[in-house]
Amino acid sequence: MRTWLPLAVVVMLITLGLWYSESPPSGFLGKRPTPQQQSEAANLIIRDAKTRNYNTEGVLAYRVNAERITYYKFDPRDRADLIEPRILFYKQQKPKWLTQSKSGIAFDDGERVLLSGDVDILEQPQPGITLHTQRITVIPQEEFVETDDFVTIINGLSRTSGKGLRADLKQDKIKLLSEVKSIYEKP
């Protein structure tokens, strides 16, 4: 009988150890996050992100680069916070417009991007037209940008400013909405 006792104790200890490892007490797991805290947690963080987006013919339409993208999945939408985002639009396989800013937020898989903080939209190649504002909404698939903030358009030595802007970058059409002022200087 004594020979079975150590073996029974070992088997019991192994069984307890396995049970314990599969379902440890909540004290060892720490405090569980609330559903709200769980929904606020980032699903994915990408550093030095680079993406390419193609049109329906398979031609490069635009590229998005960012120092960091923090992606959140919320029901029924998603959001990605961008640090130093740059969106480069192409026309006939050549760079045409470059947007850059300090930060941005992309919604619904990048269908709409809100850029903020020293936003510049530069016609390529430089020197070309430069649009400058503090906040602008970009719809990349349509190559369309808009804002209700003040915008300055710089073309060489000439400057035009106004409140509100709608621009179709695909067709190179820019429209200032109100309070438009221009200073034209010849080079």
Is there a donor-acceptor pair under 3.5 Å between the side chain of [X] and the backbone N or O of [Y]?
X      : Y      : result
Asn55  : Glu57  : yes
Thr133 : Phe150 : yes
Ser178 : Lys163 : yes
Trp97  : Leu169 : yes
Arg86  : Glu84  : yes
Ser158 : Glu185 : yes

* Donor-acceptor pair between Tyr90 and Arg63 side chains, under 3.5 angstrom ->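 The answer is yes; a qualifying pair exists.
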
* Donor + acceptor pair across side chains of Ser161, Thr152 (<3.5 Å) ->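 Their side chains do not contain a donor-acceptor pair, so the 3.5 Å distance test is not met.
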
* Asked: Taking Ser101 as the fixed residue, which of Ile136, Ile121, Leu115 is the one that meets the side-chain contact (heavy atoms from CB on, under 4.5 Å) rule?
  ->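 The passing option is Leu115.
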
* Knowing that exactly one of Ile105, Thr137, Leu82 qualifies, which makes a side-chain contact (heavy atoms from CB on, under 4.5 Å) with Val113? ->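 Answer to the side-chain contact (heavy atoms from CB on, under 4.5 Å) test with Val113 among Ile105, Thr137, Leu82: Leu82.
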
Residues, nucleotides or ligands: over 12 heavy atoms within 6.0 Å of [X] [atom1]:
X      : atom1 : value
Leu157 : CG    : yes
Arg79  : CZ    : yes
Lys102 : NZ    : no
Gln93  : CD    : no

* To do: Might you point out which heavy atoms bring Ala167 and Leu165 nearest each other, and give the distance in Å?
  =>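 Minimum heavy-atom separation between Ala167 and Leu165: CB-CD2, 3.9 Å.
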
* Minimum heavy-atom distance between Val119 and Gln134, given as atom pair plus value ->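 Val119 and Gln134 have their closest heavy atoms at CG2-O, 3.8 Å.
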
* To do: May I ask you to say whether Lys170 pairs ionically with Glu142, meaning some side-chain N is under 4.0 Å from a carboxylate O?
  =>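 The answer is no: the pair does not qualify as a salt bridge.
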
* Look at Asp48 together with Arg68 and state whether they make a salt bridge at an N to O cut-off of under 4.0 Å. =>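 No, Asp48 and Arg68 are not salt-bridged.
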
Atom pair [atom1]/[atom2] of [X] and [Y] - distance to nearest 0.5 Å:
X      : Y      : atom1 : atom2 : answer
Thr130 : Ile154 : OG1   : CD1   : 5.5 Å
Thr99  : Glu143 : OG1   : CD    : 11.0 Å
Ile69  : Thr51  : CD1   : OG1   : 6.5 Å
Lys91  : Leu60  : NZ    : CG    : 15.5 Å

* Would you kindly confirm whether Ile129 and Leu176 end up in one hydrophobic cluster when ILVMFWY residues are joined by side chain heavy atoms under 4.5 Å apart? =>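 Yes, it is one cluster - the side chains of Ile129 and Leu176 are joined through contacts under 4.5 Å.
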
* Hphob cluster co-occupancy, Leu122 + Val145, side-chain heavy atoms under 4.5 angstrom ->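 Each belongs to a different hydrophobic cluster.
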
* To do: Check step by step if salt bridge (Lys or Arg N to Asp or Glu O under 4.0 Å) holds for Lys175 and Asp168.
  => CA-CA 9 Å; Lys175 179 180 180 181; Asp168 183 340; over 6 Å; no

* **Within 45° cone of Phe107 ring axis and under 6.0 Å: Arg112 NZ or CZ** =>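 Arg112 over Phe107 ring: yes.
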
* Asked: Stepwise, does the side-chain contact (heavy atoms from CB on, under 4.5 Å) test hold for Tyr71 with Asp78?
  -> CA-CA 8 Å; Tyr71 178 78; Asp78 61 69; 3.3 Å; yes

* To do: Before giving the answer on side-chain contact (heavy atoms from CB on, under 4.5 Å), spell out for Asp118 and Asp120 the whole-Å C-alpha distance, their side-chain angles and the decisive distance to 0.1 Å.
  => CA-CA 6 Å; Asp118 289 328; Asp120 287 320; 5.5 Å; no

Taking C-beta and beyond as the side chain, do [X] and [Y] meet within less than 4.5 Å on heavy atoms?
X      : Y      : answer
Asp81  : Tyr72  : yes
Ile174 : Leu131 : yes
Lys96  : Gln124 : no

* **Partner set under ring-ring contact (aromatic ring centres under 6.0 Å, His included) for Phe89, not counting sequence neighbours** =>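 Result, ring-ring contact (aromatic ring centres under 6.0 Å, His included) vs Phe89: Tyr62.
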
* Asked: Pairs in or reaching into residues 147-157: which pass salt bridge (charged side-chain N to carboxylate O under 4.0 Å, His left out), with residues at least two apart or in two chains?
  ->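 Sorted result for residues 147-157: Arg135-Asp149, Asp148-Arg166.
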
